[in-house]
Amino acid sequence: MQRDWFALVDCNSFYASCEQLFRPDLQGKPVIVLSNNDGCIVAASPEAKALGLTTGQPLFLVEEIIKANSVTVFSSNYELYGDISRRVVDVLRSFAQQLEVYSIDESFLTLPPLPEDQLKKLALQIRCAVRKLVGVPVCVGIAPTKVLAKLSNRHAKETQLHSAGVFVMPPNPELRLPFLQAIPVEKVWGIAAGLSSRLIKFGIRSAAGLALANTLLIRKLGGVVLQRIALELRGLPCIELDDYPAPRKSILSSRSFGSLVYNLPPLEEAVCSYTSRAAEKLRAQRSVCSAIEVFITTNPYRKNLPQYRNSSIEHLPEPASDTPTLCAAARRALARIWHEGFAYHKAGVILWGILPAAALNLPLFPPAISNRTKRDALMAALDTINRKFGRGTIRIASSGIQQTWQMRRTQRSPRYTTCWEELPIVSAKPYPTHPSRLPSKTLSPPK
DNA sequence: TCTGGGGTCCTAGGACCC
DNA sequence: TCTGGGGTCCTAGGACCC
């Protein structure tokens with residue numbers, strides 16, 4: 001029986017593409033997007049990559065390249081990227097039997113068992129549809145397994161000029177072998193520095209080497225995880241499509257501060273603010289949590305300053321999801337670990353012991369209007385208002401007003417598609433009579 | 001001066017149970 | 001005098017992903 005195929009659709013330099021989408025003047029130019037707090041590069045357009053700018057580089061190390069080449073720099077704008085991502089997924093759904101949103105810029109699709117040429121045609125249609133309906137470029141890799149689809153997509157990206165950004169892995173394993181031989185083992189999905197150095201010690205250097213390696217050796221070097229990867233490389237699907245993601249088992253919210261924090265009050269504000277965000281995510285998946293962990297840390301890169309990091313877990317008397325209860329618990333945990341005399345650089349909270357809210361054991365004879373009912377109603381109202389008018393429209397007072405610890409986002413673009421005040425303005429000019437006088441597009445951010 | 005944030009899965013080892 | 005074997009659950013830590 002012929003099996004379905006897997007397609008991996010991956011947006012090219014996604015965050016940079018989102019920025020270019022509303023700034024046509026930046027098409028074909030070097031653009032980078034920074035991590036939270038404007039710290040590292042998290043996305044670079046192909047033109048920026050050509051200058052040597054890559055994901056993960058700290059900004060301050062590449063300032064000269066940026067200045068010398070007039071690279072356009074953006075702070076991250078997750079409101080925008082999240083919205084564009086949803087639009088891409090909407091388009092992809094119309095092509096897929098099943099779809100798994102793997103990350104903000106990647107989705108796996110299952111496709112029916114079609115001949116190779118038809119698969120390629122379908123891949124081209126997907127690519128064109130996303131480009132036309134949303135506006136961002138994507139590459140499509142198709143293969144019999146997810147691990148091979150990842151490699152296929154990588155190949156499509158690397159050979160975009162003559163592959164048109166799509167690639168279908170040959171169905172015949174023997175024809176795939178030369179392709180796999182050219183791929184270094186550390187480029188395979190699921191194999192990072194630790195595993196690859198162990199594999200290389202045993203002479204397994206390429207994807208083909210891993211596909212053909214002895215099963216016992218694979219098991220010894222990387223357990224069942226590596227074995228699954230090896231089988232997938234041989235074309236045997238072991239990693240299923242996850243089209244109904246389970247609710248999160250832990251929820252983390254953390255940030256580095258815009259500047260170092262020395263005192264307890266601003267640290268409490270930050271912890272309450274992150275707790276509010278985590279609680280919001282918790283309620284969005286209709287769950288409650290049983291414990292909350294708070295962690296704080298100094299800046300590990302500042303070797304000249306005294307270093308300290310610690311965390312503490314506060315167990316709740318009964319599972320909860322309301323912001324005031326969780327904030328109170330978080331502050332108790334923070335009080336246990338805070339020490340004077342350190343320059344704090346980052347804090348965060350993690351919600352543990354997550355259960356469906358519906359599974360809560362309620363008292364046998366609850367009062368007509370319990371405290372829980374009131375809290376649930378209050379939180380539902382708060383979430384509704386914040387969804388409608390923007391995150392943080394209503395927030396708990398202990399998360400602070402000034403928020404001096406807030407992260408830096410000095411170069412953020414407008415939230416073009418999710419905020420009424422920041423909608424792009426398109427200005428039209430009288431149509432010129434001669435083609436040589438066609439104006440460049442004048443889509444511009446609002447002033 | 002300046003170095004992100006948010007997850008998952010697996011394994012080993014200990015506690016505990018019958 | 002003789003003191004097993006097999007299972008589950010939980011947790012911490014590691015490795016990996018984007």
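Every chain is numbered from 1 and lettered A, B, ... according to where its sequence line falls, protein lines coming before strand lines.
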Counting only side-chain nitrogens and oxygens, does A:R248 get under 4.0 Å of the OP1 or OP2 atom of B:dT8? yes

Given B:dT3, B:dG6, C:dC18, the nucleotide with the shortest approach to the side chain of A:K150: C:dC18

Output the distance between atom CD (A:E314) and atom CG (A:L326), rounded to the nearest 0.5 Å. 10.5 Å

Can you figure out which of C:dC17, B:dG7, B:dG6 approaches the side chain of A:I251 most closely? B:dG7

Need one value for A:R277: base, sugar-phosphate or nothing, where a base atom within 4.0 Å counts as base even if backbone is also close, heavy atoms only. nothing

Counting side-chain heavy atoms from CB outward, which of C:dC18, B:dT3, B:dG4 is closest to A:F60? B:dT3

Can you tell me how far CD1 of A:I251 sits from CZ of A:R277, rounded to the nearest 0.5 angstrom? 9.5 Å

Whether A:S256 contacts B:dT3 is assessed here as follows: a side-chain N or O lying under 4.0 Å from the phosphate OP1 or OP2. Is that the case? no

Salt bridge (Lys or Arg N to Asp or Glu O under 4.0 Å) contacts in which one or both residues fall within residues 146-163 of chain A, not counting sequence neighbours: A:D10-A:K157, A:E100-A:K146, A:E106-A:K150, A:R154-A:E158

Closest nucleotide among B:dC9, C:dC16, B:dG4 to the A:C40 side chain: B:dG4

Note: for A:L260 and A:V225 on DNA chain B, the residue whose nearest nucleotide lies more 5' is A:L260

Do A:W189 and A:F108 have ring centres separated by under 6.0 Å? yes

With a cut-off of less than 4.0 Å, is there a side-chain N or O of A:K281 near OP1 or OP2 of B:dG7? yes

With the side chain defined as heavy atoms from C-beta on, A:W189 is closest, among C:dC18, B:dG5, B:dG4, to C:dC18

Return no unless some side-chain N or O of A:H345 is found under 4.0 Å from OP1 or OP2 of B:dC2. no

Contact class for A:L61 vs. all strands (heavy atom < 4.0 Å): base, sugar-phosphate, or nothing? nothing

Look at the side chain of A:K249 and decide which nucleotide, out of B:dG4, B:dC9, B:dG5, has an atom nearest to it. B:dC9

